[in-house]
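Contents: one structure, followed by commentary.
These numbers come from the heavy atoms of this one structure, side chains and all, not from hydrogens, waters or symmetry mates.
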Amino acid sequence: MNAPRSLRDRQAIQAMPVIAMGLVVMLLGVLLWLLHRNEVEEERRALIQDILWVEQNLYFHLSSGVERLGQLAEMAGRDGPWSDEFVLQGKALVTAAPEIERVIVRDGIGAVVQSLPPVESGAALGGDSEWANTFALSRSSGRPVYGPPYTVEGKGARFEAQVPIFRGGRFAGTVAGVFSLDAMLANRVPWWFAQAYRLEIQDGNGTLLAAKSQLSPAEPGASYTLRFEPPGHGLELVAISYHSDPQLLRNVLAAAIFILSILSVSSLWALRRHVRRRLAAEQALRTEHSFRKAMEDSLTVGMRARDLEGRITYVNPAFCHMVGWTADELVGTVPPMLYWVPEDLEHTYELHRAVMRGEAPAEGFELVFRRKNGERFSALIYEAPLIDSDGRHTGWMASVLDITERKRAEELSRQHQEKLQHTARLITMGEMASTLAHELNQPLSAIASYATGCLNRLSAGDARPEELVPPLTKLGAQAQRAGQIIRRIHDFVRKSEPLVVPCLLDEIIEGVVGFLEPDARKRGIRIDLDLSLTPGAARPRVEADHILIEQVILNLVRNAMEAMGHTPRPQRRLTISLQCADGQARIRVADRGTGIPPEIAANLFSPFFTTKETGMGMGLNICRSIVEAHRGHLWFEENPGGGSVFLFTLPEMAG
């Protein structure tokens with residue numbers, strides 16, 4: 001549960017810059033909107049103030065003009081409209097007030113009696129078509145009255161302001177001032193206002209009557225409409241502001257801020273992706289490093305890296321544990337190394353130079369190193385080139401195995417084998433001694449019998465020399481046989497090479513049968529000999545030591561005869577057969593004894609195992625050794641007719 005929470009916390013931390021940047025962008029947007037709104041309000045407030053000022057200014061000049069018209073009306077009632085003073089004051093008014101285009105004096109019935117400036121002869125006065133209503137209203141009210149606006153072709157819009165003339169308390173006419181709206185705007189609206197606004201005068205239907213500028217703004221800004229009264233009659237003042245450059249700069253600045261914000265967010269997003277990839281790569285690197293560290297720490301094989309000059313650049317914990325020095329003590333050292341054995345320094349140097357030349361044995365080599373405490377140990381070293389990521393050969397990497405225990409075990413095993421061989425040799429010698437005594441008993445008994453017989457005949461005095469020749473010849477043959485037995489057994493005990501010569505197996509078998517036949521007759525045993533020799537076929541021959549093979553057959557036959565000690569005499573039959581097949585000559589010795597129980601069969605060929613009271617338990621073991629020494633095989637089987645069958649094979653000679 002901690003890992004996902006940590007991951008969420010890290011993601012939240014990584015998202016904070018983006019959120020902060022988003023908030024900054026939003027705040028900048030709000031700030032710009034507030035600034036824009038404030039500017040709009042300021043602009044509108046300034047517009048209202050300015051148009052109110054202009055309206056007051058126009059009202060002031062209009063009121064001043066009407067007031068001067070009132071003075072002229074008073075002067076006309078007192079001195080008449082033709083007096084010099086009236087004319088002078090009228091012209092001065094027209095000159096001083098550019099918006100008053102003309103001063104017209106009408107008598108009590110509305111006829112024009114004076115015009116300043118005077119109208120040229122024959123020219124139409126022109127003027128308000130509804131002047132009569134204004135005239136009547138002025139006469140009835142006795143106060144200045146403004147007439148409705150009217151347009152003169154080619155001269156723009158105008159209106160009249162009529163002031164009543166009283167003479168002697170009686171209405172005597174009016175003094176009318178013809179006001180030009182274009183002149184009023186042109187002369188009474190200051191330049192700074194015209195630079196910021198377009199000022200228009202419209203009637204109640206929205207018809208443009210006059211304007212300060214003849215140019216209309218391409219992109220109209222804020223506007224404000226104000227009733228223009230007096231003169232009234234639905235006239236309105238309309239001020240339209242022009243767009244100013246600061247708005248453009250502000251928009252450009254806002255656009256730049258937004259673009260920079262977007263770029264910043266994009267940069268943060270790209271940086272966040274880069275950081276996430278880098279964190280993932282660092283995590284993978286830490287995992288890989290931990291895995292390699294655990295693997296190195298678990299190794300029992302020492303690892304050592306050297307550069308091309310032979311300087312140690314890396315050792316793993318197993319190597320440090322092996323030699324006893326720390327990595328800090330070993331890294332950076334050059335030959336001779338701390339762990340080299342002083343008495344074998346030259347040989348170690350020679351192997352070191354071979355490694356540096358790239359001539360290290362591929363199957364590895366052994367050296368004796370010493371530990372920090374002075375202890376020596378045997379090391380098996382394998383060297384391999386150290387290649388960096390660019391494919392350059394930068395040094396050599398060695399794996400070092402401490403084979404001290406292995407070599408000690410091998411030495412102990414060798415010594416044990418020697419002891420076993422020595423013990424086996426002693427056992428064999430003992431058995432051979434017993435066998436020798438047993439085997440020599442037969443020829444020696446025969447020699448004694450022949451010698452006794454000859455002595456008896458000689459003692460009787462009737463012995464003829466030719467009668468003594470056969471027993472003495474047999475006596476000599478048995479003596480030679482005893483000697484051969486002693487010599488061959490002696491050679492075998494000394495592990496001398498057997499005297500291998502081509503032998504005829506049927507001849508060896510017949511010799512054994514002839515030797516044991518008297519004993520067999522004494523035991524009541526019939527020997528059946530089956531040599532299975534095909535007429536005309538070659539007799540089976542093997543390469544063997546004649547005496548040893550003869551002893552094997554003799555031992556098997558004698559064991560078979562002894563096994564039938566409790567067999568009824570009619571059933572005591574010993575069968576010896578010889579067969580050849582598949583390049584193998586097989587000798588089979590079958591008896592009719594009690595057989596071999598299973599509990600005995602498993603140990604029958606084991607040394608010192610015997611079922612005889614006087615046996616040594618080495619006969620069959622020696623026989624098997626002799627057969628196997630001749631590349632043959634010895635085993636036994638159960639005889640289907642009762643008893644046991646011992647068999648052994650020998651390779652038959654080719655040809």
Return yes when atom [atom1] of [X] has more than 12 non-hydrogen atoms of other residues, nucleotides or ligands closer than 6.0 Å, and no otherwise.
X	atom1	answer
E638	CD	no
R376	CZ	yes
K372	NZ	yes
R278	CZ	no

Check this for me: does any side-chain nitrogen of one of [X] and [Y] sit under 4.0 Å from a carboxylate oxygen of the other?
X	Y	answer
E411	K407	no
E467	R464	yes
D402	R371	yes
E288	R292	yes
E405	R408	yes
R406	E410	yes
R631	E652	no

Rounded distance (nearest 0.5 Å) linking atom [atom1] of [X] with atom [atom2] of [Y]:
X	Y	atom1	atom2	answer
L556	I587	CG	CD1	9.5 Å
M322	T404	CE	OG1	9.0 Å
L330	R311	CG	CZ	14.0 Å
Q551	I508	CD	CD1	11.0 Å
W635	R624	CH2	CZ	13.5 Å
E366	I381	CD	CD1	9.5 Å

Are [X] and [Y] close enough that some pair of their side-chain heavy atoms sits under 4.5 Å apart?
X	Y	value
H347	L367	yes
E628	L634	no
I596	F636	yes
P336	L345	yes
V323	F377	yes
W325	C320	no
I549	H630	yes
I509	L578	yes

Would you check if the side chain of [X] reaches a backbone N or O of [Y] as a donor-acceptor pair within less than 3.5 Å?
X	Y	result
E507	L504	no
S413	A409	no
R572	R523	yes
D591	L574	no
D545	V500	no
R370	L338	yes
D582	Q584	no
N316	V301	yes
T313	A305	yes

* Pairs touching residues 377-388 that satisfy side-chain hydrogen bond (donor to acceptor under 3.5 Å, both in side chains), sequence neighbours left out ->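 Checked against side-chain hydrogen bond (donor to acceptor under 3.5 Å, both in side chains) - neighbours excluded - the pairs reaching residues 377-388 are R304-E383, R306-E383, D388-R392.
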* Asked: Does anything in residues 389-408 pair up under ring-ring contact (aromatic ring centres under 6.0 Å, His included), and if so which pairs, sequence neighbours excluded?
  ->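 Sorted result for residues 389-408: H393-W396.
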* Tell me, which pairs form a ring-ring contact (aromatic ring centres under 6.0 Å, His included) where one or both residues lie in residues 297-321, sequence neighbours left out? ->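 Applying ring-ring contact (aromatic ring centres under 6.0 Å, His included) to every pair that reaches into residues 297-321, excluding sequence neighbours, yields F319-Y339.
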* Heavy atoms only: give me the nearest R592-T567 pair and the separation to one decimal. =>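 Between these two residues, the closest heavy atoms are O-OG1, 3.0 Å.
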* **Pair Q579-R586, side-chain donor/acceptor within less than 3.5 Å** =>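 Yes, R586 and Q579 have a side-chain donor paired with an acceptor closer than 3.5 Å.
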* To do: For D519 and R521, run salt bridge (Lys or Arg N to Asp or Glu O under 4.0 Å): C-alpha distance rounded to whole Å, both residues' side-chain angles, the deciding distance at 0.1 Å, then the answer.
  => CA-CA 5 Å; D519 188 24; R521 285 198 299 271; over 6 Å; no
* Under the side-chain contact (heavy atoms from CB on, under 4.5 Å) test, which residues partner P598, sequence neighbours left out? ->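 Residues passing side-chain contact (heavy atoms from CB on, under 4.5 Å) with P598: none at all.
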* Considering residues at least two apart in sequence or located in another chain, which fulfil the ring pair (Phe, Tyr, Trp, His ring centres under 6.0 Å) criterion with Y450? ->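 Here no residue qualifies.
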Check residues 469-476 and write down every donor-acceptor pair under 3.5 Å in which the side-chain atom is one partner and the other belongs to a residue at least two apart or another chain.
{"unit_1": "T473", "atom_1": "OG1", "unit_2": "V469", "atom_2": "O", "d": "2.7"}

* Asked: For the side chain to side chain contact (heavy atoms under 4.5 Å, CB included) test, which of E517, R558, E550 pairs with V512?
  ->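 Answer after filtering E517, R558, E550: E550.
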